[in-house]
> 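This is the structure, below, for whatever I ask next.
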Amino acid sequence: SCTPNSCNPTQVANSANFAATFSLLGVTGDVREVECFDGFEGGGPWHCSADGSFQGTQCLDVDECAGSNDCDSEATCTNAEGSFSCSCNAGFTGAGTTGTCVVATCDGTQAVVANSDGINPAASTATVATDQALGTVLSFVCASGFTQHGPAVDFTCGQLVPGGPAAFRSSGECGDITCDGSIVLP
């Protein structure tokens with residue numbers, strides 16, 4: 001009598017049948033069902049053929065960015081193997097998912113100038129403003145008892161990275177003035 005040939009143990013990447021203990025096993029004519037992990041497509045029936053190998057559809061990455069996803073209309077979708085991520089575009093800030101990207105603004109009350117002791121809100125005064133748009137420039141003056149070091153530099157509302165939080169930035173400094181009026185440099 002004839003006996004069916006055994007198929008070589010087969011692992012299907014990106015499926016539960018990938019680990020050695022979950023290899024496809026069978027004999028000629030057997031059919032094994034392969035289920036792909038989330039974020040992958042393919043799988044389905046794998047057939048043990050007469051040559052001793054399993055034949056079927058590999059589990060391939062789904063490009064979630066090419067179709068429907070939950071990224072905000074003001075976000076960029078980035079595909080990764082088995083998943084994807086959303087990040088707000090430049091000029092916006094938030095989580096990147098639907099409804100979370102909002103226009104990035106700066107809070108002028110956070111605009112302070114460094115002095116020799118580091119950040120010192122008492123060393124400067126700025127135009128107090130909230131919800132200022134990117135690119136907004138606020139002028140500052142050194143408070144009484146402080147003098148400006150270097151060229152006049154205003155605060156500019158900006159983002160360090162596109163999609164990141166917005167904040168006012170300045171490279172200007174206010175230094176302490178001693179009793180004789182000389183400047184103590186930081």
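One is the number of the first residue; the rest follow in order along the sequence. Bear in mind the structure is a predicted one, so any value in this text is a computation, not a measurement.
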> Starting at SG of Cys48, measure out to CZ of Phe54 and round the result to the nearest 0.5 Å.
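Result: 4.5 Å between the selected atoms.
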> Checking Ser83 now: which residues fulfil side-chain contact (heavy atoms from CB on, under 4.5 Å) with it, not counting sequence neighbours?
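Listed in chain order: Ala80.
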> Listing request: all side chain to side chain donor-acceptor pair (under 3.5 Å) pairs with a residue in residues 39-48, at least two apart in sequence or in separate chains.
none
> If you compare all heavy atoms of Cys101 against all heavy atoms of Gly96, which two are closest, and at what distance to 0.1 Å?
SG-CA, 3.6 Å
> State whether cysteine residues Cys59 and Cys36 meet the disulfide criterion of an SG-SG distance below 2.5 Å.
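Yes, the SG atoms sit under 2.5 Å apart.
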> Yes or no on side chain to side chain contact (heavy atoms under 4.5 Å, CB included) for Val34 and Ser15, after CA distance, side-chain angles and deciding distance?
CA-CA 7 Å; Val34 171; Ser15 74; 3.8 Å; yes
> Is the closest side-chain heavy-atom distance between Pro9 and Leu25 below 4.5 Å?
yes
> Is there a disulfide between Cys86 and Cys77 in this structure (defined here as SG atoms under 2.5 Å apart)?
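Between Cys77 and Cys86 there is no disulfide, given that their SG atoms are not under 2.5 Å apart.
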> Which residues end up grouped with Phe40 if you chain together Ile, Leu, Val, Met, Phe, Trp and Tyr wherever their side-chain heavy atoms are less than 4.5 Å apart?
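Phe37, which link up through side-chain heavy atoms under 4.5 Å apart, make up the rest of the cluster.
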> Quick test of your reading: applying side chain to side chain donor-acceptor pair (under 3.5 Å), list the pairs with at least one residue in residues 64-79, sequence neighbours left out, ordered by first then second residue.
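The answer is Asp61-Asn79, Thr76-Asn89.
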> Would you say Thr100's side chain and Gly94's backbone share a donor-acceptor pair under 3.5 angstrom?
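No; judged by distance alone, with no hydrogens or angles, the pair does not exist.
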> Which residues pass the side-chain contact (heavy atoms from CB on, under 4.5 Å) test with Ser53, not counting sequence neighbours?
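Scan of Ser53 (side-chain contact (heavy atoms from CB on, under 4.5 Å), adjacent residues dropped) gives Ser49, Asp51, Gln55.
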> Looking only at heavy atoms, which two atoms of Thr98 and Cys71 are closest? And how far apart?
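Scanning both residues, the minimum pair turns out to be OG1-O, 3.6 Å.
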> To the nearest 0.5 Å, how far apart are CG in Leu24 and CG in Asn8?
11.5 Å
> Does anything in residues 27-40 pair up under salt bridge (charged side-chain N to carboxylate O under 4.0 Å, His left out), and if so which pairs, sequence neighbours excluded?
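Pairs touching residues 27-40 that pass the test: Asp30-Arg32.
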> Where the side chain of Ser87 meets the backbone of Ser85, is there a donor-acceptor pair that is under 3.5 Å apart?
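Side chain of Ser87 to backbone of Ser85, a donor-acceptor pair under 3.5 Å: no, none is there.
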